[in-house]
**Student:** 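What follows is a single structure, and I will ask about it in a moment.
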Amino acid sequence: MPRPILATIHTAALAHNFARARAFAPDARAWAIVKANAYGHGLVRAFEGLRSADGFALLDLAEAQALRSLDWRGPILLLEGCFEARDLELCSRLGLWHVVHCNEQIDMLAAHKTQLPHRVFLKMNSGMNRLGFKPERFRAAWIRLNALPQVEEISLMTHFSDADGAKGIAAQLQAFEAVTHDLPGERTLSNSAGALRHADALAERSDWIRPGIAVYGSAPDFPEHSAADWGLLPTMTLASKIIAVQQLVAGDSVGYGSSFTADGPLRIGVVACGYADGYPRHCTTGTPVLVGGVRCRLLGRVSMDMVTVDLTPAPEAGMGTEVILWGRASSGALLPIDEVAMAAGTVAYELMCALSPRVPLLASDW
Ligand SMILES: *Cc1c(COP(=O)(O)O)cnc(C)c1O
(Lines give C-alpha, C1' and ligand atoms only; values in the text may rest on other atoms or scores of the structure.)
Protein backbone atom coordinates (compact mmCIF):
# COMPACT_ATOMS: atom_id res chain seq x y z
CA MET A 1 0.00 0.00 0.00
CA PRO A 2 1.34 3.46 -0.82
CA ARG A 3 1.89 5.83 2.07
CA PRO A 4 -1.62 7.04 2.85
CA ILE A 5 -1.07 10.73 2.14
CA LEU A 6 -3.18 12.35 -0.59
CA ALA A 7 -4.14 15.81 -1.80
CA THR A 8 -7.54 16.08 -3.43
CA ILE A 9 -8.39 18.99 -5.71
CA HIS A 10 -12.09 19.84 -5.74
CA THR A 11 -12.80 21.05 -9.25
CA ALA A 12 -16.47 21.85 -8.60
CA ALA A 13 -15.40 24.01 -5.65
CA LEU A 14 -13.03 25.89 -7.96
CA ALA A 15 -15.94 26.58 -10.29
CA HIS A 16 -18.12 27.63 -7.36
CA ASN A 17 -15.50 30.01 -5.94
CA PHE A 18 -14.79 31.53 -9.32
CA ALA A 19 -18.50 32.26 -9.74
CA ARG A 20 -18.54 33.81 -6.25
CA ALA A 21 -15.65 36.13 -7.12
CA ARG A 22 -17.31 37.09 -10.40
CA ALA A 23 -20.53 37.98 -8.61
CA PHE A 24 -18.70 40.89 -6.96
CA ALA A 25 -18.01 42.44 -10.38
CA PRO A 26 -20.82 41.16 -12.57
CA ASP A 27 -20.07 43.58 -15.40
CA ALA A 28 -16.38 42.81 -15.58
CA ARG A 29 -14.59 39.92 -17.17
CA ALA A 30 -12.53 37.75 -14.89
CA TRP A 31 -9.08 36.30 -15.20
CA ALA A 32 -8.49 33.07 -13.37
CA ILE A 33 -5.05 33.49 -11.83
CA VAL A 34 -3.27 30.18 -12.29
CA LYS A 35 0.34 31.14 -11.58
CA ALA A 36 2.52 28.83 -9.51
CA ASN A 37 0.93 25.73 -10.96
CA ALA A 38 -2.49 27.10 -10.06
CA TYR A 39 -1.48 27.86 -6.47
CA GLY A 40 -0.23 24.30 -6.10
CA HIS A 41 -3.45 22.73 -7.41
CA GLY A 42 -1.97 21.62 -10.73
CA LEU A 43 -2.64 23.62 -13.85
CA VAL A 44 -4.50 20.88 -15.70
CA ARG A 45 -6.82 20.09 -12.80
CA ALA A 46 -7.47 23.75 -12.06
CA PHE A 47 -8.25 24.35 -15.72
CA GLU A 48 -10.99 21.70 -15.49
CA GLY A 49 -12.69 23.67 -12.74
CA LEU A 50 -12.09 27.10 -14.25
CA ARG A 51 -13.24 26.70 -17.83
CA SER A 52 -15.80 29.46 -17.33
CA ALA A 53 -12.99 32.03 -16.94
CA ASP A 54 -12.66 34.76 -19.54
CA GLY A 55 -8.92 34.29 -19.51
CA PHE A 56 -6.03 32.78 -17.59
CA ALA A 57 -3.23 34.81 -16.05
CA LEU A 58 0.11 33.34 -15.09
CA LEU A 59 3.84 33.98 -15.10
CA ASP A 60 5.57 31.09 -16.74
CA LEU A 61 5.75 30.70 -20.50
CA ALA A 62 5.78 26.94 -20.18
CA GLU A 63 2.47 27.12 -18.30
CA ALA A 64 1.06 29.35 -21.04
CA GLN A 65 2.15 26.77 -23.57
CA ALA A 66 0.53 24.02 -21.50
CA LEU A 67 -2.78 25.91 -21.54
CA ARG A 68 -2.64 26.28 -25.31
CA SER A 69 -2.00 22.57 -25.64
CA LEU A 70 -5.13 21.96 -23.55
CA ASP A 71 -6.81 23.77 -26.43
CA TRP A 72 -7.52 26.98 -24.55
CA ARG A 73 -7.95 29.52 -27.35
CA GLY A 74 -9.03 32.47 -25.18
CA PRO A 75 -6.88 35.15 -23.55
CA ILE A 76 -3.74 34.30 -21.62
CA LEU A 77 -1.93 37.09 -19.78
CA LEU A 78 1.70 36.97 -18.64
CA LEU A 79 1.62 38.88 -15.35
CA GLU A 80 5.33 39.69 -15.28
CA GLY A 81 5.54 40.08 -19.05
CA CYS A 82 8.52 38.89 -21.02
CA PHE A 83 11.86 38.13 -19.44
CA GLU A 84 13.92 38.20 -22.60
CA ALA A 85 13.48 39.21 -26.23
CA ARG A 86 12.78 35.76 -27.59
CA ASP A 87 9.81 35.34 -25.22
CA LEU A 88 8.07 37.76 -27.57
CA GLU A 89 8.27 35.21 -30.36
CA LEU A 90 6.27 32.80 -28.24
CA CYS A 91 3.79 35.58 -27.43
CA SER A 92 3.33 36.18 -31.16
CA ARG A 93 3.02 32.51 -31.95
CA LEU A 94 0.63 31.62 -29.11
CA GLY A 95 -1.25 34.92 -29.04
CA LEU A 96 -0.26 35.70 -25.45
CA TRP A 97 -1.06 39.06 -23.94
CA HIS A 98 1.69 40.41 -21.76
CA VAL A 99 2.32 42.95 -19.07
CA VAL A 100 4.78 45.73 -19.81
CA HIS A 101 6.20 47.08 -16.57
CA CYS A 102 9.58 48.58 -17.51
CA ASN A 103 11.39 50.38 -20.31
CA GLU A 104 13.51 47.35 -21.13
CA GLN A 105 10.34 45.48 -22.11
CA ILE A 106 9.34 48.35 -24.40
CA ASP A 107 12.81 48.21 -25.99
CA MET A 108 12.36 44.50 -26.63
CA LEU A 109 8.97 45.11 -28.23
CA ALA A 110 10.33 47.89 -30.40
CA ALA A 111 12.95 45.49 -31.76
CA HIS A 112 10.52 42.60 -32.20
CA LYS A 113 9.49 41.48 -35.69
CA THR A 114 5.93 40.26 -35.73
CA GLN A 115 3.10 39.79 -38.20
CA LEU A 116 0.44 40.25 -35.58
CA PRO A 117 0.63 43.25 -33.27
CA HIS A 118 0.43 42.46 -29.57
CA ARG A 119 -2.03 43.27 -26.84
CA VAL A 120 -0.17 44.60 -23.82
CA PHE A 121 -1.10 45.55 -20.27
CA LEU A 122 0.85 48.60 -19.19
CA LYS A 123 1.43 48.41 -15.49
CA MET A 124 1.59 51.33 -13.11
CA ASN A 125 3.52 51.21 -9.88
CA SER A 126 0.89 53.07 -7.88
CA GLY A 127 2.59 52.47 -4.54
CA MET A 128 3.49 48.83 -4.12
CA ASN A 129 6.97 49.38 -5.54
CA ARG A 130 7.44 46.03 -7.17
CA LEU A 131 6.57 46.20 -10.87
CA GLY A 132 5.43 49.08 -13.02
CA PHE A 133 6.05 52.63 -14.09
CA LYS A 134 5.76 55.32 -11.45
CA PRO A 135 2.76 57.59 -12.06
CA GLU A 136 4.98 60.41 -13.35
CA ARG A 137 6.55 58.07 -15.93
CA PHE A 138 3.41 56.23 -16.94
CA ARG A 139 2.24 58.57 -19.70
CA ALA A 140 5.61 58.62 -21.42
CA ALA A 141 5.57 54.82 -21.43
CA TRP A 142 2.04 54.80 -22.83
CA ILE A 143 2.97 57.27 -25.59
CA ARG A 144 6.01 55.21 -26.51
CA LEU A 145 4.03 51.97 -26.64
CA ASN A 146 1.22 53.60 -28.56
CA ALA A 147 3.65 54.63 -31.29
CA LEU A 148 4.93 51.08 -31.85
CA PRO A 149 3.59 49.15 -34.82
CA GLN A 150 4.18 45.99 -32.74
CA VAL A 151 1.41 47.05 -30.35
CA GLU A 152 -2.24 46.69 -31.20
CA GLU A 153 -3.96 47.53 -27.96
CA ILE A 154 -2.88 48.91 -24.60
CA SER A 155 -4.74 48.04 -21.41
CA LEU A 156 -4.01 49.67 -18.07
CA MET A 157 -3.14 47.85 -14.91
CA THR A 158 -2.04 48.28 -11.33
CA HIS A 159 -1.86 46.07 -8.24
CA PHE A 160 -2.94 46.88 -4.68
CA SER A 161 -0.69 46.28 -1.69
CA ASP A 162 -3.36 46.67 1.01
CA ALA A 163 -6.73 45.73 -0.41
CA ASP A 164 -7.04 43.20 2.44
CA GLY A 165 -6.26 45.55 5.30
CA ALA A 166 -6.78 48.82 7.11
CA LYS A 167 -4.75 50.99 4.74
CA GLY A 168 -7.08 50.08 1.88
CA ILE A 169 -6.83 51.14 -1.75
CA ALA A 170 -7.72 54.84 -1.75
CA ALA A 171 -4.22 56.29 -2.24
CA GLN A 172 -3.27 53.84 -4.96
CA LEU A 173 -6.58 54.24 -6.71
CA GLN A 174 -6.17 58.00 -6.69
CA ALA A 175 -2.64 57.77 -8.09
CA PHE A 176 -3.90 55.50 -10.87
CA GLU A 177 -6.92 57.63 -11.69
CA ALA A 178 -5.01 60.89 -11.74
CA VAL A 179 -2.79 59.68 -14.55
CA THR A 180 -5.09 57.37 -16.50
CA HIS A 181 -8.49 59.09 -16.42
CA ASP A 182 -8.22 60.36 -19.99
CA LEU A 183 -6.35 57.40 -21.48
CA PRO A 184 -8.25 54.86 -23.55
CA GLY A 185 -8.03 51.14 -22.87
CA GLU A 186 -9.40 48.49 -20.58
CA ARG A 187 -8.56 48.56 -16.89
CA THR A 188 -7.63 45.80 -14.49
CA LEU A 189 -6.98 46.62 -10.86
CA SER A 190 -8.24 44.09 -8.36
CA ASN A 191 -6.84 40.94 -6.87
CA SER A 192 -9.17 38.85 -4.69
CA ALA A 193 -9.11 41.26 -1.77
CA GLY A 194 -9.82 44.21 -4.06
CA ALA A 195 -12.65 42.41 -5.83
CA LEU A 196 -14.33 41.17 -2.66
CA ARG A 197 -13.78 44.06 -0.26
CA HIS A 198 -13.80 47.06 -2.58
CA ALA A 199 -16.37 46.00 -5.12
CA ASP A 200 -18.24 49.30 -5.03
CA ALA A 201 -15.21 51.56 -5.35
CA LEU A 202 -13.89 49.51 -8.25
CA ALA A 203 -17.08 48.64 -10.10
CA GLU A 204 -16.79 51.36 -12.72
CA ARG A 205 -13.07 50.97 -13.13
CA SER A 206 -12.88 47.22 -13.65
CA ASP A 207 -13.00 45.76 -17.12
CA TRP A 208 -11.20 42.72 -15.75
CA ILE A 209 -10.82 41.42 -12.21
CA ARG A 210 -7.93 39.17 -11.20
CA PRO A 211 -9.08 36.86 -8.41
CA GLY A 212 -6.54 34.31 -7.22
CA ILE A 213 -6.62 33.16 -3.62
CA ALA A 214 -10.40 33.44 -3.28
CA VAL A 215 -10.81 31.03 -6.17
CA TYR A 216 -8.70 28.58 -4.19
CA GLY A 217 -11.05 28.80 -1.22
CA SER A 218 -9.11 31.05 1.12
CA ALA A 219 -10.42 34.33 2.53
CA PRO A 220 -8.09 37.13 1.38
CA ASP A 221 -8.72 38.96 4.64
CA PHE A 222 -8.68 36.12 7.18
CA PRO A 223 -9.26 36.31 10.13
CA GLU A 224 -11.44 39.40 9.67
CA HIS A 225 -13.53 37.20 7.41
CA SER A 226 -13.44 33.46 6.95
CA ALA A 227 -13.81 31.61 3.67
CA ALA A 228 -17.32 30.65 4.79
CA ASP A 229 -18.18 34.32 5.37
CA TRP A 230 -17.37 34.96 1.70
CA GLY A 231 -19.21 31.81 0.59
CA LEU A 232 -15.99 30.11 -0.54
CA LEU A 233 -15.41 26.36 -0.46
CA PRO A 234 -12.13 24.53 0.09
CA THR A 235 -10.52 23.49 -3.18
CA MET A 236 -7.69 21.41 -1.74
CA THR A 237 -7.85 18.70 0.90
CA LEU A 238 -4.67 17.32 2.40
CA ALA A 239 -5.52 13.96 3.95
CA SER A 240 -3.60 11.17 5.61
CA LYS A 241 -4.19 8.45 8.17
CA ILE A 242 -3.15 7.41 11.63
CA ILE A 243 -0.30 4.93 11.31
CA ALA A 244 0.41 4.37 15.04
CA VAL A 245 -1.18 5.01 18.41
CA GLN A 246 0.69 5.67 21.66
CA GLN A 247 -0.67 5.72 25.19
CA LEU A 248 1.17 8.32 27.26
CA VAL A 249 1.33 8.72 31.02
CA ALA A 250 1.99 11.91 32.97
CA GLY A 251 5.49 13.19 32.27
CA ASP A 252 5.86 11.49 28.85
CA SER A 253 6.93 13.86 26.11
CA VAL A 254 6.33 13.75 22.36
CA GLY A 255 8.64 14.13 19.40
CA TYR A 256 11.85 16.06 18.74
CA GLY A 257 12.89 18.47 21.44
CA SER A 258 10.25 17.02 23.79
CA SER A 259 8.31 20.23 23.24
CA PHE A 260 5.07 18.72 24.53
CA THR A 261 4.76 16.86 27.82
CA ALA A 262 1.62 15.04 28.93
CA ASP A 263 0.30 16.05 32.35
CA GLY A 264 -1.82 12.93 32.64
CA PRO A 265 -2.80 9.83 30.68
CA LEU A 266 -3.14 10.73 27.01
CA ARG A 267 -3.87 8.75 23.88
CA ILE A 268 -2.13 10.13 20.82
CA GLY A 269 -2.13 9.26 17.13
CA VAL A 270 0.83 9.40 14.78
CA VAL A 271 -0.10 10.72 11.33
CA ALA A 272 1.74 10.06 8.06
CA CYS A 273 2.30 13.69 7.12
CA GLY A 274 5.24 15.96 7.85
CA TYR A 275 7.06 19.00 6.57
CA ALA A 276 8.47 17.01 3.65
CA ASP A 277 4.88 16.76 2.45
CA GLY A 278 4.44 20.52 2.70
CA TYR A 279 2.81 20.61 6.11
CA PRO A 280 4.33 23.66 7.80
CA ARG A 281 6.96 22.90 10.41
CA HIS A 282 6.00 26.09 12.22
CA CYS A 283 2.70 24.59 13.36
CA THR A 284 2.84 24.02 17.08
CA THR A 285 0.77 22.30 19.76
CA GLY A 286 -2.85 23.33 19.36
CA THR A 287 -2.98 23.57 15.56
CA PRO A 288 -6.36 22.11 14.51
CA VAL A 289 -6.53 18.74 12.72
CA LEU A 290 -9.61 16.63 11.87
CA VAL A 291 -9.41 13.02 13.01
CA GLY A 292 -12.32 10.96 11.72
CA GLY A 293 -14.05 14.29 11.11
CA VAL A 294 -13.57 15.42 14.72
CA ARG A 295 -11.54 18.49 15.57
CA CYS A 296 -8.39 17.55 17.48
CA ARG A 297 -5.10 19.32 18.15
CA LEU A 298 -1.56 18.83 17.01
CA LEU A 299 0.95 17.94 19.73
CA GLY A 300 4.66 18.76 19.79
CA ARG A 301 6.88 19.38 16.79
CA VAL A 302 6.15 18.58 13.17
CA SER A 303 8.76 16.13 11.88
CA MET A 304 9.77 15.42 8.31
CA ASP A 305 7.31 12.57 7.76
CA MET A 306 4.97 12.60 10.77
CA VAL A 307 2.90 14.68 13.12
CA THR A 308 1.29 13.64 16.38
CA VAL A 309 -2.25 14.47 17.48
CA ASP A 310 -4.23 14.37 20.70
CA LEU A 311 -6.96 11.72 20.30
CA THR A 312 -8.92 12.76 23.41
CA PRO A 313 -11.85 14.25 21.41
CA ALA A 314 -11.90 11.19 19.10
CA PRO A 315 -11.77 8.10 21.33
CA GLU A 316 -12.97 5.87 18.48
CA ALA A 317 -10.00 6.82 16.33
CA GLY A 318 -7.22 4.30 15.82
CA MET A 319 -4.99 2.80 13.20
CA GLY A 320 -6.13 3.85 9.72
CA THR A 321 -8.52 6.60 10.81
CA GLU A 322 -8.72 9.46 8.30
CA VAL A 323 -6.85 12.62 9.25
CA ILE A 324 -7.49 15.92 7.48
CA LEU A 325 -4.67 18.42 7.70
CA TRP A 326 -6.77 21.00 5.81
CA GLY A 327 -9.82 20.88 3.59
CA ARG A 328 -12.84 18.61 3.78
CA ALA A 329 -13.29 15.36 5.70
CA SER A 330 -15.29 12.50 4.21
CA SER A 331 -17.89 13.26 6.90
CA GLY A 332 -18.26 16.71 5.34
CA ALA A 333 -16.56 18.49 8.26
CA LEU A 334 -14.34 21.36 7.13
CA LEU A 335 -10.96 22.52 8.34
CA PRO A 336 -10.19 25.87 6.67
CA ILE A 337 -6.64 26.08 5.36
CA ASP A 338 -6.58 29.66 6.67
CA GLU A 339 -6.70 28.37 10.26
CA VAL A 340 -3.74 26.09 9.70
CA ALA A 341 -1.80 28.85 7.96
CA MET A 342 -2.45 31.19 10.84
CA ALA A 343 -1.23 28.60 13.34
CA ALA A 344 1.97 28.42 11.31
CA GLY A 345 2.33 32.20 11.18
CA THR A 346 1.82 32.30 7.44
CA VAL A 347 -0.89 32.53 4.78
CA ALA A 348 -2.83 29.91 2.88
CA TYR A 349 -1.04 30.87 -0.35
CA GLU A 350 2.21 29.49 1.03
CA LEU A 351 0.67 26.23 2.21
CA MET A 352 -0.98 25.53 -1.13
CA CYS A 353 2.11 26.41 -3.12
CA ALA A 354 4.39 24.42 -0.84
CA LEU A 355 2.54 21.13 -1.20
CA SER A 356 5.36 18.70 -1.90
CA PRO A 357 5.73 16.83 -5.19
CA ARG A 358 5.81 13.59 -3.21
CA VAL A 359 2.13 14.04 -2.32
CA PRO A 360 -0.07 12.42 -4.96
CA LEU A 361 -2.75 14.75 -6.33
CA LEU A 362 -6.18 13.51 -7.21
CA ALA A 363 -8.97 15.48 -8.85
CA SER A 364 -12.47 15.00 -7.52
CA ASP A 365 -15.50 16.62 -9.03
CA TRP A 366 -17.08 17.23 -5.67
C1 LIG B 1 -1.16 36.83 -7.90
C2 LIG B 1 -1.76 38.03 -8.51
C3 LIG B 1 -3.13 38.28 -8.40
C4 LIG B 1 -4.04 37.43 -7.55
O5 LIG B 1 -3.88 37.79 -6.22
P6 LIG B 1 -4.76 37.09 -5.06
O7 LIG B 1 -4.35 37.81 -3.84
O8 LIG B 1 -4.32 35.67 -5.03
O9 LIG B 1 -6.16 37.25 -5.44
C10 LIG B 1 -3.65 39.35 -9.07
N11 LIG B 1 -2.86 40.17 -9.80
C12 LIG B 1 -1.53 39.98 -9.92
C13 LIG B 1 -0.72 40.91 -10.74
C14 LIG B 1 -0.93 38.90 -9.29
O15 LIG B 1 0.38 38.71 -9.40
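Counting starts at 1 for both ligands and their atoms, following the listed order.
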**Student:** Counting only nitrogen or oxygen atoms and a 3.5 angstrom limit, does G212 reach ligand 1?
**Tutor:** yes
**Student:** For ligand 1, does H159 get within less than 4.0 Å through its side chain, its backbone, both, or neither, judged by non-hydrogen atoms?
**Tutor:** side chain
**Student:** Charged N to carboxylate O below 4.0 Å: is that the case for R3 and D277?
**Tutor:** yes
**Student:** Can you list the atoms of ligand 1 that are under 4.0 Å from a heavy atom of K35?
**Tutor:** 1 (C), 2 (C), 3 (C), 14 (C), 15 (O)
**Student:** Just jot down the side-chain contact (heavy atoms from CB on, under 4.5 Å) partners of R22, sequence neighbours excluded, or say none.
**Tutor:** F18, A30, D54
**Student:** Under 4.0 Å from a heavy atom of M157: give me the atoms of ligand 1 that qualify, with their elements.
**Tutor:** 13 (C)
**Student:** With atoms numbered from 1 as shown, which atoms in ligand 1 lie under 4.0 angstrom from a non-hydrogen atom of Y39?
**Tutor:** 1 (C), 4 (C), 5 (O), 6 (P), 8 (O)
**Student:** Test your reading of the structure: does Y349 have an N or O sitting under 3.5 Å from an N or O of ligand 1?
**Tutor:** yes
**Student:** Specify whether W72 and F56 have parallel, tilted or perpendicular ring planes, treating 30° as the upper limit for parallel and 60° as the lower limit for perpendicular.
**Tutor:** perpendicular
**Student:** Please list every donor-acceptor pair under 3.5 Å in which a side-chain atom of residues 253-273 meets a protein atom from a residue at least two apart or in another chain.
**Tutor:**
residue	atom	partner	partner atom	Å
S253	OG	S258	OG	3.1
R267	NH1	P315	O	3.4
R267	NH1	A317	O	3.0
R267	NH2	A317	O	2.7

**Student:** Is the shortest N/O to N/O distance between K123 and ligand 1 below 3.5 Å?
**Tutor:** no
**Student:** When you measure from atom 9 (O) of ligand 1 to each heavy atom in P211, S192, A57, which option holds the nearest one?
**Tutor:** S192
**Student:** Would you say A214 has any N or O atom under 3.5 Å from an N or O of ligand 1, going by distance alone?
**Tutor:** no
**Student:** Closest approach of G318 and V245, non-hydrogen atoms and distance?
**Tutor:** CA-CG2, 4.1 Å
**Student:** Under the side-chain hydrogen bond (donor to acceptor under 3.5 Å, both in side chains) criterion, do Q172 and S126 qualify, and how do the steps go?
**Tutor:** CA-CA 5 Å; Q172 282 188 267; S126 58; 2.9 Å; yes
**Student:** What is the nearest protein non-hydrogen atom to atom 11 (N) of ligand 1, stated with its residue, atom name and distance?
**Tutor:** R210 NE, 2.8 Å
**Student:** How are the rings of F121 and W97 set to each other: parallel, tilted or perpendicular (split at 30° and 60°)?
**Tutor:** parallel
